[in-house]
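Have a look at the structure below, then the notes.
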Amino acid sequence: MEHKLHIYNTLHRKKEQFVPLHSPNVGMYVCGPTVYGDAHLGHARPAITFDILFRYLMHLGYKVRYVRNITDVGHLENDADEGEDKVAKKARLEQLEPMEVVQYYLNRYHRAMDELNVLSPSIEPHASGHIIEQIEFVQKILDSGYAYESEGSVYFDVEKYNKDHRYGILSGRNIDDMLETTRELDGQSEKRRSVDFALWKKASPEHIMRWNSPWSVGFPGWHLECSAMGTKYLGEEFDIHGGGMDLIFPHHECEIAQSCAALKKDTVKYWMHNNMITVNGQKMGKSLGNFITLDEFFTGSHPMLAQAYSPMTIRFFILQAHYRSTVDFSNEALQASQKGLERMLEGYARLQKLTPSDKSTVDVSGLRAKCEEAMCDDLNTPIVISHLFEALKAINLVHDGKETISAEDLNELKSVFDLFIKDILGLKTVNDNSAGADAYKKAIDLLLDIRLEAKKNKDWATSDKIRNELTALGFEIKDTKDGFEWKL
């Protein structure tokens, strides 16, 4: 590969050059949603972050198998080993079958991802569809000696594992200290230590989702699904495992331990984590009750929102910050992103209309290389966006007749903007070739052509009526020496 991609490996806490295990094939596993409610802004960030990685790896020429799981069983309240299953609780409260809840919210999640222009993964496995694989994985851990059965449930023995390996390698936690403080809990629960985590749970009589196993009628632990499904679809060793930073502990830490125990090797080469979306410095999430759903953003129907924000505004807002930095929600920040996106897309539209000259008086050389360099530096999308904004200055100068651009430079500029705005950053433009978007654009152009004709004929009443009514609908119309420009 010509470009050398460097990504931040959470496991080693440093940027590392990406070298796939099986070039040109790349295996990538990303933790998807637990489907018991509508997707919110916190769900959008990992989806968009790893969509960018997916797109860029394919741009570099890799063949990517992208697995994004759906958690529809085993994720208990408060991310613990006790309490009610999140999906089952929703089903009980709404008097539905659990899979009705799953399908309803999964359909809505997919629609939101489509609106955000997030590409579909290669495989989207459900935890509930891989119970056999999870039971087999538990048995491997038991056979290795790092798990124990207790009253029909099976728990991972963290203390024993930590003697031979290191539990806490991803999060940097000192598990020895945690073990010392939990010794007095012996005999007070099914677990030997409070830090031990469930691989299989015996179902209580009221538990809806349950399967037969060698140990009891029960259900798998939350952490187990990713180890089992990652192994099934990507092999015992694969390249990238990603997710939100909130999953580092306990979820991904537990994954590392149980995979190492079952397979006797480290399974993931690069761990990647995006940072959080916050509200007033606090993580946005369902458990904290401070979340805004994506549908509420798109319609402006939440009381914290000053207006509706388009899916592309949300995507641009997320891409304006580096994926490892915190992004704090505010209407002011989103409104600034909306204006920035409008500026970018307006410049992109102007670029399509530029007429080449014999020579260039603007310098647009090096734009492609600078954008590639930023992307190869741990997916630095804010720097890519800044380079594109810098190039807009040249586009506007040529558009206004103050500078000129050659056909060769113009074609290169169009190619770079198409590549980075549409293919890599995944921003939809006015010129995207959907039938609806094309018909919509042509209809507005037709109305404004009629207005131009009316102005030529000094039919001011018709001219003013078209302009005033379009303005009232939210269109901004600008007369130019060559005709007109408009945006919504």
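Model, not experiment: these values are computed from the prediction. In this chain, numbering begins with 1 at the start of the sequence shown.
For the pair Phe417 and Leu392, the minimum side-chain heavy-atom distance is below 4.5 Å.
Within the structure, salt bridge (charged side-chain N to carboxylate O under 4.0 Å, His left out) contacts touching residues 372-382 (residues at least two apart or in different chains) are Lys15-Asp377, Arg324-Asp378. Judged as a salt bridge (charged side-chain N to carboxylate O under 4.0 Å, His left out), the pairs with a partner in residues 115-134 (not counting sequence neighbours) are, in order, Arg68-Glu124, Glu133-Lys232.
Taken from NE2 in His302 to OG1 in Thr293, the straight-line distance is 7.5 Å, to the nearest 0.5 Å. With rounding to the nearest 0.5 angstrom, the CD1 atom of Ile169 is 11.0 Å from the CH2 atom of Trp271. Atoms CG and CG, from Leu419 and Leu425 in turn, are 9.0 Å apart once rounded to the nearest 0.5 Å.
Between Pro20 and Val26, the shortest heavy-atom contact is CB-CG2, 4.0 Å. Pairing each heavy atom of Arg193 with each of Tyr148, the nearest pair is N-OH, 4.2 Å. Across every non-hydrogen atom of Arg315 and Leu116, the tightest pair is NH1-O, 2.9 Å. Gly74 and Asp85 make their closest contact through N-OD2, 2.7 Å (heavy atoms, listed as atom of the first residue, atom of the second, distance). The nearest pair of heavy atoms linking Leu367 to Ala391 is CD2-CB, 3.8 Å. In terms of heavy atoms, Ile385 sits closest to Leu319 at CD1-O, 3.7 Å.
Of the candidates Phe238, Tyr8, Phe18, Phe18 is the only one forming a ring-ring contact (aromatic ring centres under 6.0 Å, His included) with Tyr270. When the options Tyr62, Tyr29, Tyr66 are evaluated for a ring-ring contact (aromatic ring centres under 6.0 Å, His included) with Phe54, the one that passes is Tyr66.
In this structure, a donor-acceptor pair under 3.5 Å is present between the side chains of Ser227 and Ser259. No donor-acceptor contact under 3.5 angstrom links the side chains of Glu236 and Thr231, judged on distance only. Side-chain atoms of His273 and His252 include a donor-acceptor pair closer than 3.5 Å. For the 3.5 Å distance criterion, the side chains of Asn275 and Ser325 fail to qualify, holding no donor opposite an acceptor. Checked by atom type, the side-chain pair Glu225/Thr71 shows a donor-acceptor distance below 3.5 Å. No side-chain donor from either of Gln335 and Asn331 sits under 3.5 Å from a side-chain acceptor of the other.
Between His130 and Tyr233, the gap from one ring centroid to the other is short of 6.0 Å. Close placement of the His165 and Tyr146 rings is indicated, their centers lying within 6.0 Å of each other. Here Phe156 and Tyr161 bring their ring centres to under 6.0 angstrom of each other. Separation of the His207 and Phe219 ring centroids falls under the 6.0 Å cut-off. With ring centers used as reference points, Phe197 lies under 6.0 Å from His223. Separation of the Phe420 and Tyr56 ring centroids does not fall under the 6.0 Å cut-off.
Cation-pi contact between Arg192 and Tyr155: absent, since separation from the ring centre below 6.0 Å together with deviation from the ring axis within 45° is not met.
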Pair Glu296-Ser301, side chain to side chain donor-acceptor pair (under 3.5 Å): steps then yes or no: CA-CA 5 Å; Glu296 287 169 334; Ser301 58; 4.9 Å; no

Going through the distances and angles, do Ser150 and Ser153 end up as a side chain to side chain donor-acceptor pair (under 3.5 Å)? CA-CA 5 Å; Ser150 176; Ser153 295; over 6 Å; no

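Salt-bridge check for Lys140 with Glu136: failed, with every basic side-chain N at 4.0 Å or more from each acidic carboxylate O.
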